[in-house]
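A short write-up of the structure that comes next.
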Amino acid sequence: MAHGPSPCNHSTPHVVRPRSYDHPDARRLTHELYLEQLARYGAADAPVDAVDDFAPPAGLFLIAYVNGLACACGGIRTYEPGVAEIKKMYVAPDFRGHGLGRLILAALERAGQANGAVRFVLETGSRNTEALSLYAHAGYQPIPAYRDRDSTINRALAKNVSVSQ
């Protein structure tokens, strides 16, 4: 929960940078995501994905910085030929509501399309209404689980894109 004025507004300068998944800022943000999921659901996947999963050209991990502070992240990796998976989307609580999630998601989708993806898949928590809203507004639709997951907690979503999009 934010305390006092938000450190981010629509005129605050921000930058999105690719980073290795083992970069200290990536580790801190994915650990914060893990702790938030653990508090919300009582269980969570530890942020132990392989660094190579998010390495170009098959993957990418992005971090948004506001006033030099790492405040949001997200990654993409090849799930199968033509399909990219969005992973580890997170915006620190004090920075939510300012479009950083949309910014990272759009950049990840562009990178995926440049790498040949025509379909994007992702999972998010059933109680994460903010993420569900973000993905719905970005054109993601519910799909059956594509991995063996607890359907009472996880929601699988997908978005198809045209090659020329």
Quick check: do [X] and [Y] have side-chain heavy atoms less than 4.5 Å from each other?
| X | Y | value |
| --- | --- | --- |
| Tyr41 | Asp150 | no |
| Asn115 | Leu60 | no |
| Asp22 | Arg27 | yes |
| Arg19 | Leu62 | no |
| Val121 | Val83 | yes |
| Leu134 | Arg102 | yes |

Separation of [Y] [atom2] from [X] [atom1] (nearest 0.5 Å):
| X | Y | atom1 | atom2 | result |
| --- | --- | --- | --- | --- |
| Cys71 | Leu29 | SG | CG | 7.5 Å |
| Gln113 | Ser162 | CD | OG | 7.0 Å |
| Asp53 | Lys87 | CG | NZ | 8.5 Å |
| Tyr90 | Phe95 | OH | CZ | 10.0 Å |
| Asp45 | Thr30 | CG | OG1 | 12.0 Å |
| Glu123 | Ile86 | CD | CD1 | 12.5 Å |

Shortest non-hydrogen contact from [X] to [Y]?
| X | Y | value |
| --- | --- | --- |
| Ala138 | Leu105 | CB-CD2, 3.7 Å |
| Val91 | Arg96 | O-NE, 2.6 Å |
| Arg119 | Ala158 | NH2-CB, 3.3 Å |
| Leu100 | Ala72 | CB-CB, 4.2 Å |
| Ala117 | Val161 | O-CG2, 3.8 Å |
| Ala145 | Ala156 | CA-CB, 3.9 Å |

Test side chain to side chain contact (heavy atoms under 4.5 Å, CB included) on Cys73 and Phe61 and set out the steps. CA-CA 7 Å; Cys73 65; Phe61 199 82; 3.7 Å; yes
Is the backbone of [Y] close enough, under 3.5 Å, to the side chain of [X] for a donor and an acceptor to pair up by distance?
| X | Y | answer |
| --- | --- | --- |
| Asn128 | Ala131 | yes |
| His23 | Asp25 | yes |
| Arg127 | Arg40 | yes |

hydrophobic_cluster_shared for Tyr34 and Val48, side chain cutoff 4.5 Å: no
Proximity of Tyr79 and Phe120 rings by center, below 6.0 Å: no
Evaluate side chain to side chain donor-acceptor pair (under 3.5 Å) for Glu85 paired with Tyr146, printing each intermediate quantity in order. CA-CA 11 Å; Glu85 183 179 31; Tyr146 58 93; 2.6 Å; yes
Give the ring-plane orientation class for Phe54 versus Tyr21, where under 30° counts as parallel, over 60° as perpendicular and anything between as tilted. tilted
Go through Ile104 and Met89 one step at a time and tell me if the side chain to side chain contact (heavy atoms under 4.5 Å, CB included) criterion holds. CA-CA 8 Å; Ile104 288 177; Met89 289 285 295; 3.8 Å; yes
Answer yes or no: are there more than 12 heavy-atom neighbours, outside Arg17 itself, under 6.0 Å from its atom CZ? no
Might you work through the side chain to side chain contact (heavy atoms under 4.5 Å, CB included) test for Thr124 and Asn154, ending with a clear yes or no? CA-CA 6 Å; Thr124 194; Asn154 294 291; over 6 Å; no
